[in-house]
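Take this structure, written in structure tokens, and hold onto it; I'll ask about it next.
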Amino acid sequence: MKVGYVSTNYSLCKADSTFRLSSLSRERVLKTAISNLECLKRILLWNLDHEILFFRISSNTVPFASHPKVTFDWREELSSLLGEAGDVVRENGIRISMHPGQYVVINSQRRDVVESSIAELRYHADLLDAMEVEGRIQVHVGGSFGGKVEALRRFETNFSLLPDNVKRRLVIENDDRIFTVKDCLSLFTSLNVPVVLDNLHQSLNNDGETFGEALDMVRRTWKERPMIDYSTQEGSKRGVHASTLDENHFREFIKSVDDVDIMLEIRDKERSALRAVEILREMGKLDRIKNRG
DNA sequence: TGAAGTCAAGGCGCG
DNA sequence: CGCGCCTTGACTTCA
């Protein structure tokens, strides 16, 4: 199994810097993106030294890349840095995901929202294409306007509008209020899109199945090893991610799963990832680094 | 330099 | 019907 964390590394550098739309300029986008990509490469190398082989790249890497005001070719300008980061990923068997924000709503009933969602997804896929890596792009189903059945149908309809490089990379995650694992599985049946299982969301929003049953079901949607999101809740605040790894919970959790890669959605990022690596190693469940025996 | 004010975007729940 | 919430909240301006 591999363990990963999200977007940036607090002890190393910031890979998710952005700025205000009001200060948008070609120079500002490039300056920030260069700094984010240099940091990303440092993080990936640092992660290798610490046996962390899964990483979620920030959607902020190239700020405003999908905004209509960004008309220049950022891929061209950033190609060598994108290539360098991609080399680190490929040469070491690192697994990559991305998770666009709440404004990507594929099943929106508003045409303008669908269009901007497609643009944002295209940016994510283009970034991974430019890095020449096999990364997954993880989204939620979206809103429930008109009822869940209608909303799922709208997702299926709008899915056909996505560019091929997005379709190939897209995976769907169960959410904590509306769309359960079972709902996501119905989209796998119609669209062949794998399902990312989030344990915290599944515990808050399910159809009576256990976590183990949910995992068995989503496993069948993946050709490669399933990705799962792992978190626990911070106190009694519904859906709020823990500030740090609950080691006892994690240990028990790990006993119940095999053959998955685990993305930690824990707020202290690399700190918890280091602890999780230790625990997996202890339990003999940690993937070794490619080409290093 | 610290604090206050503002931020691209959607959708939902709550009052 | 308008507002706050999603977030280790962060950027930017103002004093």
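Hydrogens, waters and symmetry mates are skipped; everything else that's a heavy atom, side chains included, is used. We name chains A, B, ... by the order of the sequence lines, and we start the count at 1 in each one.
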N/O donor-acceptor pair, side chain A/R110 with base B/dA9, under 3.5 angstrom: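 No.
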Shortest side-chain distance from A/D268, nucleotide among B/dG10, C/dC11, C/dT8: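 From the listed options, C/dT8 comes nearest.
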Residue A/L21, side-chain heavy atoms: nucleotide from B/dA8, C/dT12, C/dC11 that is nearest: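 Output: B/dA8.
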Shortest non-hydrogen contact between A/E270 and A/T8, atoms and distance: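 Closest heavy-atom pair between A/E270 and A/T8: OE1-O, 4.3 Å.
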Counterpart base for C/dC1, defined by Watson-Crick or G-U wobble contacts under 3.5 Å: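 WC or wobble partner is B/dG15.
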Separation between OG of A/S66 and CG of A/L127, rounded to the nearest 0.5 Å: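 If I round to the nearest 0.5 Å, the distance is 12.0 Å.
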Nearest listed nucleotide, side chain of A/Y103, among C/dC6, B/dC12, B/dA9: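 Selected nucleotide: B/dA9.
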Separation between the C1' atoms of C/dC6 and B/dC7, rounded to whole Å: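 Those two atoms are separated by 14 Å.
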Separation of C/dC6 C1' from A/E173 CD (nearest whole Å):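 Computing the A/E173:CD to C/dC6:C1' distance gives 14 Å.
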From B/dG11, C/dT12, B/dG13, nucleotide with atom closest to A/R177 side chain: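 Nearest nucleotide to the side chain: B/dG13.
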Comparing A/K14 and A/I266 on DNA chain C - which has the more 5′ nearest nucleotide: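 Looking at DNA chain C, the more 5' nearest nucleotide goes with A/I266.
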Partner nucleotide, any strand, of C/dT12 [Watson-Crick/G-U, under 3.5 Å]: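 Result: B/dA4.
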A/F64/A/F19 aromatic ring centres below 6.0 Å: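 Judged by ring-centre distance (under 6.0 Å), A/F64 and A/F19 do meet the cut-off.
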Short side-chain N/O contact to C/dT12 OP1/OP2 from A/S23, under 4.0 Å: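 Looking at the OP1 and OP2 atoms of C/dT12, one of them is under 4.0 Å from a side-chain N or O of A/S23.
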Salt bridge present between A/D216 and A/R219 (N-O < 4.0 angstrom):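 Looking at A/R219 together with A/D216, the answer is no, because their closest N to O distance does not fall below 4.0 Å.
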Gap in Å between the two P atoms, one belonging to B/dC12 and one to C/dG9, rounded: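 The answer is 24 Å between these two P atoms.
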Gap between atoms CG and P, on A/L200 and C/dT7 respectively (whole Å):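 After rounding, the gap between these two atoms is 10 Å.
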Integer-rounded Å distance: B/dG11 C1' and A/D112 CG: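 It works out to 13 Å between those atoms.
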Rounded distance (Å) that lies between atom P of B/dA9 and atom NE2 of A/H67: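 After rounding, the reported distance stands at 8 Å.
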From C/dT12, B/dG11, C/dC6, nucleotide with atom closest to A/Q109 side chain: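 So the side chain of A/Q109 is nearest to B/dG11.
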Nucleotide B/dT6, atom P - distance to CG of A/L24 in whole Å: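 Result: 21 Å.
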More than 12 heavy atoms from other groups under 6.0 Å of CZ on A/F145: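 No.
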Separation between the P atoms of B/dA9 and C/dT12, rounded to whole Å: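 Each nucleotide's P atom is 16 Å from the other's.
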Distance, P atom - from B/dG5 to C/dG4, rounded to whole angstrom: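 Rounded to whole Å, the distance is 14 Å.
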side-chain N/O A/S117 vs B/dA9 OP1/OP2, d < 4.0 Å: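 So the side chain of A/S117 is outside the cut-off, no N or O lying under 4.0 Å from OP1 or OP2 of B/dA9.
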Selection from C/dT8, C/dC11, B/dC12 that lies nearest to any side-chain heavy atom of A/I178: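 The answer is B/dC12.
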Residues A/D246 and A/R251 bridged, charged N to O under 4.0 Å: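 Looking at A/R251 together with A/D246, the answer is no, because their closest N to O distance does not fall below 4.0 Å.
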Per A/S66 side chain, nearest of listed nucleotides B/dG11, C/dC6, B/dA8: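 Comparing B/dG11, C/dC6, B/dA8 against the side chain of A/S66, the answer is B/dA8.
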Nucleotide nearest A/F145 (side chain, heavy atoms from C-beta), chosen from C/dA10, B/dC12, B/dG10: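 Selected nucleotide (nearest to the side chain): B/dC12.
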P spacing across the pair C/dA10 / B/dA8, given as an integer number of angstrom: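 Rounded to whole Å, the distance is 16 Å.
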Nearest listed nucleotide, side chain of A/Y10, among C/dC11, C/dT8, B/dC12: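 Per side-chain heavy atoms of A/Y10, the pick is C/dT8.
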Sugar-phosphate, base or nothing in reach of A/K69, heavy atoms under 4.0 Å: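 Touches nothing.
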Protein-nucleotide distance (A/L245, atom CG; C/dT8, atom C1'), rounded to Å: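 Computing the A/L245:CG to C/dT8:C1' distance gives 15 Å.
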Whole-Å gap separating C1' (B/dC7) and CZ (A/F64):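 Checked: the CZ to C1' distance equals 9 Å.
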Donor-acceptor pair under 3.5 Å, A/R267 side chain vs C/dT7 base: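 In this structure, the two groups form no donor-acceptor pair.
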Distance between C1' atoms of B/dT6 and C/dT7 (Å, rounded):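 Rounded to whole Å, the distance is 15 Å.
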OP1 or OP2 of C/dT12 under 4.0 Å from side-chain N/O of A/R28: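 Yes, because at least one side-chain N or O of A/R28 sits under 4.0 Å from OP1 or OP2 of C/dT12.
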Contact check, side chains of A/E150 and A/R153, non-hydrogen atoms, under 4.5 Å: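 Counting from C-beta outward, A/E150 and A/R153 do come under 4.5 Å.
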Between P of B/dC12 and CG of A/N205, the distance in whole Å: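 Interatomic distance, CG of A/N205 to P of B/dC12: 14 Å.
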